[in-house]
Every structure is written in structure tokens, then in C-alpha cells.
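Beneath this line is the structure, given in C-alpha cells, with notes to follow.
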Amino acid sequence: MSVAGRALKTFVDLGIGSRTRRENLEGWLWASPWIIGFVIFTAGPMVASVYLSLTDYPLLQGPTFNGIDNYKQLFTDELILQSLKVTTIYSFVSIPLHLVIGFLIALLLNQRVRGLSMWRVVYYLPAVVSGVAVAFLWQWILNADFGLANWLLSLIGIDGPSWLIDPNWALSALIVMSLWGVGGGMLIYLAGLQGIPTSLYEAAEIDGANFWQKFWIITIPMMSPVLFFLLVIGIIGALQTFTQAYIITNGGPDDATLFFMLHLYRNAFQYLKMGYAAAMAWVLFAYIMILTLLVFRSSSLWVYYEGDFKGRG
Amino acid sequence: MATTTTPRDLALGGSARIRDRATVLRQRAGRTVVYGTLVTLAVIFTLPFIWMVLASFKTQRQVLSSFDVIPDPWTAEGYIRGWTSLPVGSFITNSVIYSGTVLAAVIITSSLTAFAFSRLHWKGRDFWFVLALSTMMVPPQVLLLPQFIFFTRILNWSNTLLPLILPLALGHPFYIFLLRQFFLTLPTELDEAARMDGASSWGIYWRIILPLAKPALATVGLFAFIFTWNDFLGPLIYLHSLDRMTFAVGLQLFRGQFTTDFPALMAMSTLSLMPIITIFFFTQKTYIKGIALTGIKG
């Protein structure tokens, strides 16, 4: 009542008040699908997840509060350490490879080549088709005895490794496979490269800069925001790797590809330890946040934004 | 593909400067290297696809005994065995329902919210927008278990598509962000003129913004379709019975416990990738523009 009364008073006083109030209400109304979704499917579950992680919760029996026991147990669980190791190695090797190879392909495509849209489609297509079918395909390609990879290697006289069944090679095999999807980053690089004003290059040419000087002084700094964006996206994606490990190696051999998400999945849906798995999810979240924050923190050193001359002579 | 260099290339690459013979030769060599690398890469990128499709027309014996690329004899047995050994038709139906519903819902809800975040002026707008962006940082794993318990233990929606559809259907921050960025590029004079003529917000949204935003809406729809079609973890944990499975989960059942029927597996894999590849081919321009739009210049 008082709200309505105040609205009326404002309306009388200013003549515009009710319009603002109506606009506010309207804004909420238009944004409400997402706001409702956020409360039910994001905010609620987040709070619940904190509680879950503090319970012992065998799915079929229900939760009992046990404080930070799950987190204590996490640090003594050897499989957790193994899965963190696997996930970390995978990320730290595959992300830089993706960043560099994607960039190189984008540079190639930016050389005024003919048939650009065709090349783009060819390189990008593998990035669109992720998932189970692709995992199966690669499982077969990397098969030690009758796979395409070792057959191709044998043509040039190399006796290929046993890839997926050799604990020393299985993770490398998954990294090689992930490189097939390098086209995603390439597209974004290419959009960035095409956005660099040609006037910059022309000015540098007038000053007598050669190809490499232009590359280091113009291309790299101008592309650093793109690199930054892809690095963050890459970290978030790589740390959540699941499908490949689940389908292709199922974590093996000898836990050599036991990704963190796979271990989480097993705890939750095979061992039905919901509380423990929820704690694992928070550990993964913390890990992603720490890495992302480090990247953000370091960005002032290496990411160049136009119009930002701070700390640059 | 052209690995040689034509005068036109040189003209394109050149300027008004006088070039001597050495420069011309070096440029020609450079072009050859560029195209040579592009072709080699293209072969590497397409080879797995080609291998998969060809294998789907082979016999199991040929797959296991030789590396001949071309099927000998050609046979559609793999497709027939694959299609009849599991209810592939119902996998496809379920996938279409999942992807189709999310696609339609996401276009509507995300555009409504994006409209609120870009064309309306209201208190709290920036707060909610920043909040929406920051939820993109929350890994789905944190939400996975509480949602699972909520949907299966409390609502008893186990083995239905609802737990998969609903959370996405109300709009995803990434799609909202993408649409908002696009809406912001449309001149505000359009809204002002329409309001002068007495148009309501709904009128502006429906008659002005949506028609102009078709490319962005198509991009969002594509993203949603491809994501849901490929989605594996969600369907894996919610769908249990054969008749409810999506193609992504159903496909994994083609792997046998001891021997795998490779032609059938590759045939069904080919089939499952077909919609994505087809759609991508026809919409690649829109898709690529959308990717560029999401980039960086926020």
C-alpha cells in the first residue's frame, strides 16, 4: 500500500516518477526469464552445493553433516592427486599447443589466400563436431594394431607407439586428438587479425620495418587481447575434460588418463558419494579460479589494449 | 588446389614499389609454402572424416585386415546392422526434441533478457548484467550434483529430458551476452522514433529489434543446437532407458564388450554427425560472424 502511495505521490510531485517506476518494473519483467533461471538453477544449487560438500551423502540414504571431513579426505586420496596431475599436465601441454598452432594457421589464412571461406570451413569443422562420435573415431585412429595413425607412421618408417594402451603414451594421444579441434581458436584469431588496421602496417613500412619487426611490434601486441581471451577459455575448457577420457580410455591404462572430471563423475554416479563429489567440484572450481586469476593478474604485463599507455614508454 | 602463383597474386601482394627479380622469386616461393601448408593441413583435418565415412561402407573383415582406403566391396550392411541393433530412430527423435526445444526456448528467453539489458533503462540493470556474466565462471560441475538431486530425488524427473531442457531453456548468459552486444549495435533512434509513435516495449522488441537481429538470433540458435546435440554428460547421468536416450548417449552402446562392430559404429557415428555437418555447411557464414561477434571487443 505504502509503495503504491509513494508512487502516486511521486507521480503527483514530479509527473515523471511513475514512468521510472514502471520502467523499473518493466526491466525486471523482461529480464525475469533469466533471473528466475538464475535463482533456481544457479544460485540455489550453488548454496546447496556448499552444504552438500559438507555432508556424507550416499545418494540412496540421504545426507548427514560431517563438517570438512570430505575436504580433509581429499588431500589424502591418492586418486585425487593423480587426477589433478593428469588434468594439469594435459592442460599445460595442450593449451599452449592450441594457442600457437591456432595462431599459426590464422596467420597463414591471413596472407590474402584464395578460397578463404573454404579453408576456414575445413579447419573449423572438427571443432564443431565434438563428442562421442569423434571420440570413437579417434579411439580407432589411435588403435595400436589397425589404426590410421600408426599405419601412416609406418609409411614413413616409424614404428608407432601403442598410444592408448601404453600408460606413457595415453595422455599424449589425447592431447594429439585435442589438436584436431584447434580450429575454434583459429577462427577467433582470424577475426582479430582482420581487425588490425592496415594503416599501422603501412606506417611501419614507411619507417622501413621488415616482416619480423612488423610481426613483433604490431601483430603480437594487437593480438594479445585475443590471446588472453583464448587462454582463459582454454584453461576453463581443458580442466573440465571429460567425454574423451570417459569414452576412449575410461581413465586407463593405470589411471594415466584419470581426468579430474572423470574421477568426480565416478564418485558421484558410480560410488554414489554425493558429498565427496560435491567437495571435488569445489576443488575444481578453486583450481580454475586460481589459474584464471593468475592470468588476469599477469595480463597487465603482456596484454595490450588500445588507448592504454600505462607502463608503456 | 592452386599451389602455383599467378600474376594476380603478385599484384595483390604487391605495391607501387619497384620489384626486382629476386623479390618476385621470393614471393613466389612464399606463396608456394603458404598453399602447400594449407593443403597439407586440410588433408590432416579432413582425413579422419573421410576415413570414418569410407569405413562405414566396409565389411568388418576388411576393417580388421587391411588398410585399403576404398571399401571393397562397398556395402551398406554397417548402416543396416547399426540401425536395427539399437533403436536409432528413437535416439534421433529424442535428440531432435532436446535440441529443438532448447533452440526455440533459448532464442525467445535470451532475446527477452538481452532486450532488458540493452534497450530498457531500469534500476539494477547493470548489477544483473554483471552477475549474469560472472555466472559464466561457475563451472557446471558445481551445479551438476545439486541439480541432479533436485531433479531426480525431489521432482522425480529421472529418465526424462526435462532436467536437460529446463536449465538451458531460461536463457544462458553466453547467449544473452551475445545478443546484448548485437542489440547495442542497433541505433537507439529506432526505439525513440517508435516510442514517439506510441509503440510499447513489446512493439519495439517484436517489430524492430527481432527482425533486425535475425543473424544474431540464428547464431545463438546454432550454438544451442550444436551444444545440445553434442551434449554427453547431461544425457549420460539423466537418461537410463533405451527409448529415452539421445543419440550422443545411445551411440556409446554400439561399442561391444569384447568385439566392436566397426562398420556399424562408424555408420552410426557418421549418421550422428550428419545434422551438425549439414547445418554448419549451410550456415557457416552466420556462424563465423557470430564467433567474431562474441570475441573480445566487449
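Residue numbers start from 1 in every chain, and the chains themselves are labelled A, B, ... in the order their sequence lines are given, proteins ahead of strands.
The backbone N or O of B/Lys123 sits less than 3.5 Å from a side-chain atom of A/Asn24, completing a donor-acceptor pair. Judged by distance alone, with hydrogens and angles left aside, the side-chain atoms of B/Asn230 form a donor-acceptor pair with the main-chain N or O of A/Val128 at under 3.5 Å. Without hydrogens or angle criteria, A/Gln111 side chain to A/Leu107 main chain gives a donor-acceptor distance under 3.5 Å.
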Go through the steps to decide whether B/Phe177 and B/Phe117 satisfy the test side-chain contact (heavy atoms from CB on, under 4.5 Å), and finish with yes or no. CA-CA 9 Å; B/Phe177 173 69; B/Phe117 284 158; over 6 Å; no
Full working for side-chain contact (heavy atoms from CB on, under 4.5 Å) between A/Phe41 and B/Leu170: CA-CA 9 Å; A/Phe41 299 119; B/Leu170 289 171; 3.7 Å; yes
ring-ring contact (aromatic ring centres under 6.0 Å, His included) assessment of A/Tyr287 paired with A/Phe260: CA-CA 11 Å; A/Tyr287 193 24; A/Phe260 197 84; 8.1 Å; no
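Put simply, of B/Ile237, B/Val249, B/Val34, the one with the most heavy-atom pairs under 4.5 Å next to chain A is B/Ile237. With respect to chain B, the highest number of heavy-atom pairs below 4.5 Å among A/Leu59, A/Leu152, A/Leu29 belongs to A/Leu59. By number of non-hydrogen pairs under 4.5 angstrom with chain B, the leading residue of A/Thr292, A/Val122, A/Leu230 is A/Val122. Per-residue heavy-atom pair counts under 4.5 Å with chain A were compared for B/Leu144, B/Leu41, B/Val138, B/Thr270, and the maximum is reached by B/Leu41. The candidate with the highest count of non-hydrogen atom pairs below 4.5 Å against chain A, out of B/Gly124, B/Gly171, B/Ser201, is B/Ser201. Of the residues considered (A/Phe285, A/Trp140, A/Phe38, A/Tyr51), A/Trp140 shows the highest number of contacts with chain B, using heavy-atom pairs under 4.5 Å. Chosen from B/Tyr205, B/Phe150, B/Phe262, the residue pairing most often with chain A at heavy-atom distances under 4.5 Å is B/Phe262. Note: A/Ala31 leads A/Ala43, A/Ala31, A/Gly192 in heavy-atom pairs under 4.5 Å with chain B. In terms of heavy-atom pairs under 4.5 Å with chain B, the best-connected choice from A/Val182, A/Ile35, A/Leu264 is A/Ile35. Taking chain A as the reference chain and counting heavy-atom pairs below 4.5 Å, the highest number among B/Phe280, B/Phe281, B/Phe45 is found for B/Phe45. Counting heavy-atom pairs closer than 4.5 Å to chain B, the top residue among A/Gly131, A/Gly27, A/Ala281 is A/Gly27.
Summarising the geometry, atom CG belonging to A/Leu142 is positioned 8.0 Å from atom CG belonging to A/Asn150; distances are rounded to the nearest 0.5 Å. With values rounded to the nearest 0.5 angstrom, B/Phe232 atom CZ is found 9.0 Å from B/Leu251 atom CG. Rounding to the nearest 0.5 angstrom, the gap separating the OH atom in A/Tyr124 from the OG atom in A/Ser117 is 15.0 Å. Atom CG of B/Leu166 is separated from atom CD1 of A/Ile40 by 8.5 Å, given to the nearest 0.5 angstrom. Atom OG1 of A/Thr243 and atom CD of B/Gln252 lie 10.0 Å apart (nearest 0.5 Å). With values rounded to the nearest 0.5 angstrom, A/Gln139 atom CD is found 10.0 Å from A/Met177 atom CE.
For A/Ile288, the part lying near chain B is the side chain, with the backbone staying farther off; criterion is any non-hydrogen pair under 4.5 Å. Residue contact with chain A, scored on non-hydrogen atoms closer than 4.5 Å, involves the side chain of B/Phe148 exclusively. Only the side chain of A/Ile105 has a heavy atom closer than 4.5 Å to any heavy atom of chain B. At a 4.5 Å heavy-atom cutoff, the contact between B/Ser272 and chain A is made by side-chain atoms alone. Interface residue A/Leu284: only side-chain heavy atoms are found under 4.5 Å from chain B. Interface remark: B/Trp202 contributes backbone and side-chain atoms alike to the contact with chain A (heavy atom separation under 4.5 Å). Neither the backbone nor the side chain of A/Leu25 comes within contact range of chain B; no heavy atom of the residue lies under 4.5 Å from a heavy atom of that chain. Of the atoms belonging to A/Phe136, heavy atoms from both backbone and side chain fall under 4.5 Å from chain B. Proximity to chain B (any heavy atom under 4.5 Å) is shown, for A/Leu227, by neither the backbone nor the side chain. Interface remark: A/Met289 contributes side-chain atoms only to the contact with chain B (heavy atom separation under 4.5 Å). Of the two parts of B/Tyr175, neither the backbone nor the side chain holds a non-hydrogen atom closer than 4.5 Å to a non-hydrogen atom of chain A. Looking at A/Gln194, neither its backbone nor its side chain comes within 4.5 Å of chain B, counting heavy atoms on both sides. Contacts between A/Phe269 and chain B at a heavy-atom distance below 4.5 Å involve the side chain alone, from C-beta outward. Contact of A/Leu52 with chain B is made through the side chain alone, with heavy-atom distances under 4.5 Å. Heavy atoms of B/Leu120 lying under 4.5 Å from chain A belong exclusively to its side chain. When heavy atoms are compared at a cutoff of 4.5 Å, A/Tyr57 approaches chain B solely by way of its side chain, counted from C-beta outward. Proximity to chain A (any heavy atom under 4.5 Å) is restricted, for B/Ile44, to the backbone atoms N, CA, C and O. For B/Leu265, the part lying near chain A is the side chain, with the backbone staying farther off; criterion is any non-hydrogen pair under 4.5 Å. Interface remark: B/Met266 contributes side-chain atoms only to the contact with chain A (heavy atom separation under 4.5 Å). There is no contact between B/Leu271 and chain A, counting heavy-atom distances below 4.5 Å. Contacts of B/Phe247 with chain A are absent, with no heavy-atom separation under 4.5 Å from either backbone or side chain. Interface remark: A/Phe242 contributes side-chain atoms only to the contact with chain B (heavy atom separation under 4.5 Å). For B/Phe227, no part sits under 4.5 Å from any heavy atom of chain A, backbone or side chain. Only the side chain of B/Ile276 comes within contact range of chain A, with heavy atoms under 4.5 Å apart.
Among residue pairs with one or both ends in residues 27-49 of chain A, those qualifying as side-chain hydrogen bond (donor to acceptor under 3.5 Å, both in side chains) are A/Ser49-A/Trp282; sequence neighbours excluded. Judged as a side-chain hydrogen bond (donor to acceptor under 3.5 Å, both in side chains), the pairs with a partner in residues 260-270 of chain A (not counting sequence neighbours) are, in order, A/Asn250-A/Arg266.
Contacts of residues 106-116 of chain B with chain A at a heavy-atom distance below 4.5 Å involve B/Thr109, B/Leu112, B/Thr113, B/Phe115, B/Ala116, listed in sequence order.
With sequence neighbours left out, B/Arg119 forms a salt bridge (Lys or Arg N to Asp or Glu O under 4.0 Å) with B/Asp191.
Aromatic rings of A/Trp180 and B/Phe49 (six-membered ring for Trp) have centroids within the 6.0 Å cut-off, being under it. Here B/Phe223 and B/Phe174 bring their ring centres to under 6.0 angstrom of each other.
Of all non-hydrogen atoms in A/Met186 and A/Ala106, the two that sit nearest each other are O-CB, 3.8 Å.
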